[in-house]
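Since the structure comes first, as structure tokens, the remarks are kept for the end.
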Amino acid sequence: MPTATDERFIGEAIALSLRGAGTVAPSPLVGCVIVRDGVIVGSGYHGRWGGPHAEAEALRDAGDAARGATLYVTLEPCTHYGKTPPCSRAVLDAGVRRVVIAVRDPSPIGGGGADELRTAGVEVTVGVCGPEAVLANAAYLKWRLTGLPLVHVKVAATVDGRVSGPTGLDERITGGESCAQVHRMRFESSAVLTGVGTVLADDPLLTARLPGGELERQPLRVVLDRSGRIPATARVLASAAENGPVLWCVAEGATPQLPGEAWGAHVDVVTCPARGSGLDLEWILRHLAERDVTSVLVEAGPKLSTSFVRERLADRLTLFLAPRLMGGQGLPILDSLGLATAEDAPTLERCSWSAVGDDMRLDAWLPGLEWPALAIA
């Protein structure tokens, strides 16, 4: 049976795993600590795609101290030869006595490590801090379990719930600290998605810009534009050669103005099924998942953001609130959700508030998600 000590050290491993956010996708976030006589003697995390796995890093850090110790890991050790050798074999070779796993790996290739370790005589405990570990590794687990990426809706608004000023044009509402956190969120996402309205109004780059200079990778930028109205001079298109590829989603019959040769090869125009007045969002998400996109940050206007929520395709919400008042002249955070009464309003779950400079940040999960239970089962 798991103990409070087990929960403590799995918690340490979860915190370690988050250090790989933005550099390991489509692989999972994994953290690992090795404990002997109540003391951590080795630790590691999966730091980059194709690099050493968390278990290998922790075993290297522990050295001979791993023999007879307990290994705590957030995801079941893999069993296959890929870009690295199987972690289950490394654990056995190191002489680890007990392995505590937060969540099993649903991958048809890498899963099964717990059973292999048990067969070899290692004591194995599975399911410690399962809900916390699932949410920390949500992008990978949802992608594996459902064939869809994690959808994270980000909104910046005034305290009275307005996302734009009277002009409706690009006007920063929140402070510089919130802006810096948004760039971190972009970096940690596989893709950033917006709609034609936002491109025409704000002409955004949608790139991740972090302190310290150039990044090894930028998120895939995805623009939903049913009629192909975006001009070829839009910054999101014109920067494709420099800042990574762009996926331009249009409906059948659209005639988008293709960019020039200098960057046109980096813009992928994809014809998508139409749905209502827009595009089929679930089809687009499945298409992205097939491209190994495990997480999508939605930075769009109220209409598109609302569509993801109303169609139950959104998983997470982050709301930045600035201490400003805009009144009825600005656009509201969301469009109509089609509610009959206030009791029908979805209640956000696992809400946490934090101060970001003068702004407030709300992080929450949408209700009724089915895939987290599948990950724990």
Side-chain angles (χ1 to χ4, degrees), residues 1-21 23-24 27-137 140-141 144 375-377:
M1 291 291 293
T3 66
T5 299
D6 290 339
E7 293 176 354
R8 170 193 163 195
F9 287 121
I10 283 291
E12 296 274 1
I14 291 173
L16 271 175
S17 74
L18 299 178
R19 297 184 186 181
T23 56
V24 303
S27 296
L29 296 173
V30 185
C32 179
V33 296
I34 298 173
V35 177
R36 191 182 186 98
D37 298 327
V39 177
I40 295 177
V41 295
S43 62
Y45 65 96
H46 189 200
R48 60 182 176 83
W49 183 80
H53 288 189
E55 298 95 321
E57 290 285 87
L59 290 169
R60 179 189 57 78
D61 189 35
D64 292 339
R67 187 163 299 278
T70 299
L71 183 146
Y72 293 87
V73 65
T74 58
L75 189 71
E76 183 178 22
C78 66
T79 57
H80 73 296
Y81 283 90
K83 291 187 175 297
T84 62
C87 292
S88 57
R89 175 50 53 187
V91 171
L92 292 174
D93 291 343
V96 169
R97 178 186 62 83
R98 180 175 180 240
V99 174
V100 180
I101 300 167
V103 181
R104 285 188 177 270
D105 188 350
S107 167
I109 300 174
D115 295 336
E116 181 176 313
L117 293 169
R118 282 197 183 104
T119 300
V122 177
E123 181 186 347
V124 178
T125 302
V126 180
V128 178
C129 298
E132 293 80 5
V134 166
L135 296 184
N137 206 8
Y140 171 80
L141 291 171
R144 281 294 189 193
I376 297 174

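Both backbone and side-chain heavy atoms feed into the values below; hydrogens, waters and symmetry mates do not.
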- Test Phe9 against Ile40 for side-chain contact (heavy atoms from CB on, under 4.5 Å), laying out the working first. CA-CA 9 Å; Phe9 287 121; Ile40 295 177; 3.6 Å; yes
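- The side-chain heavy atoms of Ile34 and Thr70, taken from C-beta on, include no pair separated by under 4.5 Å.
- Heavy atoms only, all atoms of each residue included: Ala54 and Val30 are closest at CB-O, 3.4 Å.
- With contacts defined as side-chain heavy-atom distances shorter than 4.5 Å, the pair Val73/Val100 does not qualify.
- Using a 4.5 Å heavy-atom cutoff, the side chains of Val103 and Thr74 are not in contact.
- Listed here is the closest heavy atom pair of Tyr140 and Ser107: OH-CB, 3.4 Å.
- Within the structure, the salt bridge (charged side-chain N to carboxylate O under 4.0 Å, His left out) test picks out the following pairs touching residues 34-57 (sequence neighbours left out): Glu57-Arg60.
- The nearest pair of heavy atoms linking Leu29 to Gly20 is CD2-C, 3.4 Å.
- Taking all atoms of both residues into account, the shortest heavy-atom contact from Glu12 to Val33 is CB-CG1, 4.3 Å.
- Shortest non-hydrogen contact noted between Leu71 and Cys32 is CG-SG, 3.6 Å.
- Residue Cys87 holds its SG atom at 5.5 Å from NE2 of His53, rounded to the nearest 0.5 Å.
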- Task: List the steps, then state whether side-chain hydrogen bond (donor to acceptor under 3.5 Å, both in side chains) holds for Ser88 with Glu116.
- Result: CA-CA 7 Å; Ser88 57; Glu116 181 176 313; 2.9 Å; yes
- Query: Given the rule in the side-chain contact (heavy atoms from CB on, under 4.5 Å) test, do Val96 and Leu59 qualify, once you have shown the distances and angles that lead to the verdict?
  - Reply: CA-CA 9 Å; Val96 169; Leu59 290 169; 4.1 Å; yes
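- Atom NE2 of His46 is separated from atom OG1 of Thr23 by 8.0 Å, given to the nearest 0.5 angstrom.
- Within the 4.5 Å cutoff, no side-chain heavy atoms of Val91 are placed close to those of Val122.
- With a 4.5 Å cut-off on side-chain heavy atoms, Val128 and Arg8 do not count as touching.
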- Evaluate the side-chain contact (heavy atoms from CB on, under 4.5 Å) criterion for residues Arg98 and Asp6: first the C-alpha distance (whole Å), next the side-chain angles of each, then the deciding distance (0.1 Å), finally the verdict. CA-CA 11 Å; Arg98 180 175 180 240; Asp6 290 339; 2.8 Å; yes
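- Here Leu135 pairs with Arg350, Trp365 under the side-chain contact (heavy atoms from CB on, under 4.5 Å) rule; sequence neighbours left out.
- Side-chain contact between Asn137 and Ser17 is absent, with no heavy-atom pair separated by less than 4.5 Å.
- Counting heavy atoms from C-beta outward, Glu123 and Val99 have side chains that stay 4.5 Å or more apart.
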- Leu75 and Ile101: CA distance, side-chain angles, deciding distance, side-chain contact (heavy atoms from CB on, under 4.5 Å) verdict: CA-CA 6 Å; Leu75 189 71; Ile101 300 167; 6.0 Å; no
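- Between Val41 and Asp61, the closest side-chain pair of non-hydrogen atoms is not below 4.5 Å.
- Note on residues 100-114: pairs passing salt bridge (charged side-chain N to carboxylate O under 4.0 Å, His left out), not counting sequence neighbours, are Glu76-Arg104, Arg104-Asp115.
- Of all non-hydrogen atoms in Thr79 and Gly112, the two that sit nearest each other are CG2-C, 3.6 Å.
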